[in-house]
Amino acid sequence: MRLRRAVVGVGLAIAAVCGMSVPAHAADWKAYARYTTKSKCIDAGQQYVREGFNAYKCTSDLSYPPWVLWLR
């Protein structure tokens, strides 16, 4: 019983420390543009990152143009 209580206590302490190290608000992804090819989307995303955005991703969509550029 003491061992179980000690293990639970250590687990709670680790969870508390890890919880405090997570940032309060993570940046959300926002759609910025649409492209006809994936390569154009990637080129634009890389340029935006060079200009100061944190990250980019290109996803396909069923509408036209099919590639959506997301930035954060």
Side-chain angles (χ1 to χ4, degrees):
M1 192 66 165
R2 280 192 246 175
L3 180 60
R4 183 183 305 164
R5 193 174 291 173
V7 169
V8 169
V10 169
L12 288 173
I14 291 172
V17 169
C18 291
M20 288 188 293
S21 66
V22 174
H25 295 283
D28 291 334
W29 290 98
K30 294 182 182 167
Y32 272 78
R34 293 173 112 25
Y35 295 92
T36 55
T37 64
K38 187 174 183 178
S39 63
K40 288 181 183 179
C41 184
I42 291 171
D43 288 342
Q46 290 173 347
Q47 181 63 36
Y48 278 114
V49 169
R50 283 192 294 269
E51 292 177 3
F53 283 88
N54 292 330
Y56 78 94
K57 66 180 177 179
C58 295
T59 59
S60 63
D61 195 352
L62 295 178
S63 61
Y64 185 83
W67 293 99
V68 181
L69 173 63
W70 298 86
L71 298 171
R72 70 170 174 177

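The first residue in the sequence is number 1, and the count goes up from there.
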Q: Please work out which of the three classes, parallel, tilted or perpendicular, describes the rings of Tyr48 and Phe53, given edges at 30° and 60°.
A: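 Ring orientation of Phe53 relative to Tyr48: perpendicular.
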
Q. When clusters are formed by joining ILVMFWY residues with side-chain heavy atoms under 4.5 Å apart, either directly or through shared neighbours, do Tyr35 and Ile42 land in the same one?
A. yes

Q: Flag yes if Leu71 and Trp29 sit in one hydrophobic cluster, no otherwise; membership is Ile, Leu, Val, Met, Phe, Trp, Tyr, and two members link when side-chain heavy atoms are under 4.5 Å apart.
A: no

Q | Any pair counted as salt bridge (Lys or Arg N to Asp or Glu O under 4.0 Å), so long as it reaches residues 46-59, sequence neighbours left out | A |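 Residue pairs with at least one partner in residues 46-59: there are none.
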
Q: Look up atom CZ in Arg34 and atom SG in Cys41, then write down how far apart they are to the nearest 0.5 Å.
A: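 Between atom CZ of Arg34 and atom SG of Cys41 there are 10.0 Å.
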
Q | Pairwise distance NZ(Lys40) to CG(Leu69) - rounded to 0.5 angstrom | A | 14.0 Å

Q. Considering all heavy atoms of both residues, which atom of Val68 and which atom of Ala31 are nearest to each other, and what is their separation?
A.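 Closest heavy-atom pair between Val68 and Ala31: CG1-CB, 4.0 Å.
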
**Q.** Thr37 to Trp67 - nearest heavy-atom pair and separation
**A.** C-CD1, 3.4 Å

(Q) Taking the side chain as everything from C-beta on, heavy atoms only, tell me whether Thr36 gets closer than 4.5 Å to Pro65. (A) yes

Q | side chain to side chain donor-acceptor pair (under 3.5 Å) assessment of Trp70 paired with Thr59 | A | CA-CA 8 Å; Trp70 298 86; Thr59 59; 2.8 Å; yes

